[in-house]
Each structure stands twice: as structure tokens, then as C-alpha cells.
Amino acid sequence: MNINQRIHDLREVMQREHLAAFIFPSTDPHQSEYVAGHWKGREFISGFNGSAGTAVVTMTSAALWTDSRYFIAAEAQLRGTEYQLMRLKIEGTPTIAEWIGRECGPGADVAIDGTCSAASSVQELITDLRKQGGITLRTNLDPLALIWKDRPTIPENPVEIYPMEYAGEAAHDKITRIRKALRQKHADGMLMAALDDIAWTLNLRGSDVHCNPVFVSYLLISSQDATLYINKVKLSPEVLAYLKAEGVGVAPYEDVRKGLKDYFEYNILLDPDEVNYTLFKSVTREIVKAESPVKRMKTVKNEREIAGFKSAMLRDGIAMTQFLYWLSHQQPETLTEISVSDKLTALRAEQPLYRDISFDTIAGYQAHGAIVHYEATPETDIPLQAEGFLLLDSGAQYLDGTTDITRTIPLGPLTDEQRRVYTLVLKGHIQIELCKFPSGASGTQLDVLARQALWREGLNYLHGTGHGVGTYLNVHEGPHQIRMEWKPAPLVAGMTVTDEPGIYLEGKFGVRIENTLLITPYKQTEFGQFFQFESLTLCPIDKSPIIADLLTPEETDWLNDYHQRVFDTLSPHLTPDEAAWLRTACAPL
């Protein structure tokens, strides 16, 4: 990719439009974390392919902002280009508005594509730019339409019905619940823009986005009607008949602005974090600015969804155990990061109801394990050695559930530093698993449990400790999270959330240990309802790196109890040799 040539072509457009800067977010018109190729404009203009980041190009400079997950990867991918890496949440890093103000001066005109930017983020940017000497922001230009000659088209992949045996609730019942929630917010209807919300609501799935079983569309719900805006070529006669039976009409994807113009109710709820700025500004009715009620509805799993998660985790645990057994019988020098990733994917693909991976596997050996979201390529793929750590973060999409698991695997002798870091990370992981908490608590209030042992050693990680997981949907699901930054969404029974502390020592190694958990009731007391975590993930945690004296008796008991459950649950589904290996892997510490 000739990134500098692309910047040159962009600047020619900017010069014609009298623009001092152009801003490229990483999102699509639906504010997706992972986007279809058509909307990978930030990657096109910068070469950086991480899931989060913002590129800005001026007439004389360029910069890219991203978070700690991608610092090392971004530095490598931006090398040889004009881009300066801006490390978010690091002291001294300017905001986008501050940097533009410094580079362009007061009174400059800058632009962003309003169709690919959330209304809330654009409004915040307008305010911030005004503070930089009255810089103005245009939102009606997409220069990529002029310079991206081989731009991928918007996907036209077919949509499929998600069976009730896994969904557990009919689409028309979900829409009824949504309308009730809208009335509580004094809203007559809403425009749903988040692709996973639409897929969940309608009990449909697609394949328009890599690893995410969603489809490009909007859903407009009024007090009486519901209309899916989608390219109709994606809908079979069966799906069309299904939608009609569920009370949902269909209109072309590009007609969503017309649908908003023709919307007849008094007001409409728009989530400013999900609806793009262009659509937001096109609405003529009164707007109720509020979080989409669907976000929290879909995070609380029903009985069928929970049963599906447990079935999916069982099959995923079988595949993971088969992989670890296989790996233990290989000579590491004969393997590479890509070959172990391919082997794990192949074992998962043998499991019933397997559909895809849930994200690109992170298989990072030694120093590559310190790159938080590392993805091996033919250029970076390295052979393993009979020493050190392999960090393996992976997951799968099964028809009945989505999985996400990380194990840090010793391939041979370890240093004292590696063993100590591994044990401290494990302590943090176990403390989250052991946690009991009252109703109303958010993940921010629990996050310190994962970090306290690390902080005592002067260690820390900048990514979140946990995120929600969808039901055969996106592997990242919110709004609830476990992280240092304030996230007020409470943790309630029925939610899934990951537990994944880690430490990353650049140029040396990385450690992360992750299970996916289910929130369940713990006890009711005079102080209210309390909750706890149930580990859904079934896979041994390697004991050989552990410094046993660093674990408390309670932590050791948890690990032994967890391993007993892993063995009892998985061993009947394994060969005798695999079961014997698992018995040793799950033996008490």
C-alpha cells in the first residue's frame, strides 16, 4: 500500500474543497466496532488495521490516535508514512481538536464524513474545535468516494432466520418489549442503528462483517409499525415471509432518510452514540436523546440463551483441550504462530454447530505476546521455540453461543519474571471469579480486584478487564464492562462478561488469562440482592508457571475446584489419551 500517495490524492481533494484537515474515524454508519470493507476508510488512508483509532490528515501533517491495545502494532504499521502515533490516555497526548488547532490555526475549516460518525462524537468535536480559535467542522463530504478507486461494495450476503430453539423469544415479543420500554422513556418510536441490536431484535443473522454474524440495515419502530431498511437482495422468500409474520415491513437500505422524513409520530428516540450525525440531523420530529433500550435487553440472556452458551462452551472446551493435548506432543520448533492458530480453528470446525471464529485469533509467541491485539501475518509469523510463553486469545461462533478464551501456554523453561507475572495475573483473574457484589454495582467498582496484586508490584494494563459477549453475535457487547474508566451500567443476573487481566512487557512477553463468566444470583439479605460469577469457559489453566506461595488458600481452592469441574465435564467427551492428559492438567495444585 502506498499510503503517502493516498495522502497526496486526499490533499488534492482537500485543496479543492478549501479544507485544512480531514478526520477519519474507524466506524461505519452504524457505529460498529468491526466494519465491512466498504467502510474501512481509516485503514485505507493510514494503513493501520486495528479495530479502534482515528486518523487525521492536514495539508502538511498526519496523525493517528489509538489505545494501548494497538500501540506496538500501530507503530509498526505507520512506519514509513507521514503519520505520527498519538497514544490515547498517555500523559502529554493532545486531543484531536488540540492537535488540529496547533497544526491548522484558528478559523480553519476541517471535515468528517457525517454518515460514519456518531451524532454525539460529532457534536463533541464541533464544541472542542470551536475552542481552538473558532475552527469549523463540515460533515457533508466523503473524499474516499473520489480517491478509493477499488473500494469494496456494501455487502449483499444473505440473511438467515435464527431458530427459536436458540433465541428463546420471538421477534414480535421483543418488539412489544421495546415499545413498552420506549413508552417509559416517553418516546413514540425509535431508529435502531446498531447491527447487533437489529439482529437480536429480529432473530436474524448475517455475514456482512468478518467474524460478526450481522447484516447491514436499519430498523425503524413506531407505536404501530416496524420497518427493516435493507438491500432486499439479501432476503430470501422465506425470510420475507418470516418478517411479514412478525409484523415487520421491508424497504430499501438507502431509503432510511425518507423513512425518517415520513415518520408520523410526535417524537422519536435516537441514541446519539449509535445513530450517525447525518441521519440525526435529518429528523424533523422531536428527538428523545437516550440510550437505546435494546442494548441492555440483549445483554440479559434468557434461559434458552444461557443453555446455548453452556452447550457452546462445552464444545469449545473440548476443542481447546484437544488442541492443548496436541500441542503438548509437538516439537515447538516445527510450529509457527499461524500454524497453531490454524490447528485450533480446524479443531473447532469439527464441533457441531460451528459457524466461524468470533475474532481473528491472537497467537503471540514471546515478544509478540506483548502486542495486545497481535495478529500474525506471513510477514510477522515466527517459529515457536521450546521456551517461554505462547499467548493464545481465541474464540468461535457457534449457532447457540459465542466464545472468547485466552490461555498463556509455557512451551519450555521460563524465567523467574515470567512465572511471577503469570501468577500475579492469575491472582487477579481468580479474584474476579470469587467476587460477590450487591445489586446496582457496576464493573468499574469490581475492576480493582483484578489489578490489586499487580499494582502492588508496580504493574498495570490499560485495557479493560472484561466485556459482555453476545449470543451468536458480536464477541464484544455492552454497555456493561469491567474496567478502570467509569462505566455506570450495572451488572445484573443473566449477563455474560469476560475476565481477562494481563501484563505486557514490550520486547519480552505477554500474559493474559481469560474466561467468559455468567452473572447469577448469590443471596438475598437485609442489605438487598447480591450476585456472583459462574465460569462458563471450560479449559485447564496451566499450573506449571504458578508460584504456589503467591496464591492465597482461597485462590488455590478456587483453582482446584475449577479444574475438577473442567475434568468432570470434559473428560467423557475425550479419547482415553486426551482424558488422561486432562486428568494431569487438572490435578490439584
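- Of the inter-residue distances, the one linking I112 atom CD1 with L19 atom CG reads 12.0 Å to the nearest 0.5 angstrom.
- Between Y70 and the choices Y504, W65, Y374, F48, the ring pair (Phe, Tyr, Trp, His ring centres under 6.0 Å) rule is met once, by F48.
- Atom-to-atom distance recorded for L392:CG and E514:CD is 11.0 Å, nearest 0.5 angstrom.
- Distance alone, capped at 3.5 Å, is enough to place a donor-acceptor pair between the S358 side chain and the A396 backbone.
- Side-chain polar atoms of D273 and Q31 form no donor-acceptor pair below 3.5 angstrom.
- Heavy-atom contacts from other residues, nucleotides or ligands closer than 6.0 Å to CD of Q15 number 12 or fewer.
- Between atom CG of residue D393 and atom CD1 of residue I513 there is a gap of 12.0 Å, rounded to the nearest 0.5 Å.
- H38 places none of its side-chain heavy atoms less than 4.5 Å from the side chain of V216.
- Each of T27, V122, D142 was checked for a side chain to side chain contact (heavy atoms under 4.5 Å, CB included) with D113, and the lone residue meeting it is D142.
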inquiry  = Applying side chain to side chain contact (heavy atoms under 4.5 Å, CB included) to V214 and H30, what does each step give before you reach the verdict?
reply    = CA-CA 11 Å; V214 296; H30 307 272; over 6 Å; no
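- Here the CD1 atom belonging to I405 is positioned 12.0 Å from the CZ atom belonging to R512, to the nearest 0.5 angstrom.
- Residues Y277 and S121 have side chains that never bring a donor and an acceptor to within less than 3.5 angstrom of each other.
- Of the residues listed (H476, Q397, R355), the one engaging T402 in a side-chain hydrogen bond (donor to acceptor under 3.5 Å, both in side chains) is Q397, and it is the only one.
- Counting non-hydrogen atoms of neighbouring residues, nucleotides and ligands closer than 6.0 angstrom, the CD atom of Q5 exceeds 12 such neighbours.
- Checked by atom type, the side-chain pair N515/R407 shows a donor-acceptor distance below 3.5 Å.
- Side-chain atoms of R6 come within 3.5 Å of backbone atoms of F44 as a donor-acceptor pair (strictly under, hydrogens ignored).
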task = Show your working on side-chain hydrogen bond (donor to acceptor under 3.5 Å, both in side chains) between E417 and T415 and close with a plain yes or no.
result = CA-CA 5 Å; E417 180 183 44; T415 66; 4.8 Å; no
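- Atoms CH2 and CE, from W99 and M86 in turn, are 6.0 Å apart once rounded to the nearest 0.5 Å.
- Both tests pass for R87 against the ring of F71: distance under 6.0 Å to the centre and angle within 45° of the axis.
- Under the 3.5 Å distance criterion, the side-chain polar atoms of R205 are matched with a main-chain donor or acceptor of Y472.
- No more than 12 heavy-atom neighbours from other residues, nucleotides or ligands sit within 6.0 angstrom of CZ on R130.
- Closest of all the heavy-atom pairs between V372 and I362 is O-CD1, 3.6 Å.
- Dense packing is recorded around CD of E98, with more than 12 heavy atoms of other residues, nucleotides or ligands lying under 6.0 Å away.
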task = Quick one: do T498 and D404 satisfy side-chain hydrogen bond (donor to acceptor under 3.5 Å, both in side chains)? Show the steps, please.
result = CA-CA 8 Å; T498 62; D404 187 1; 5.2 Å; no
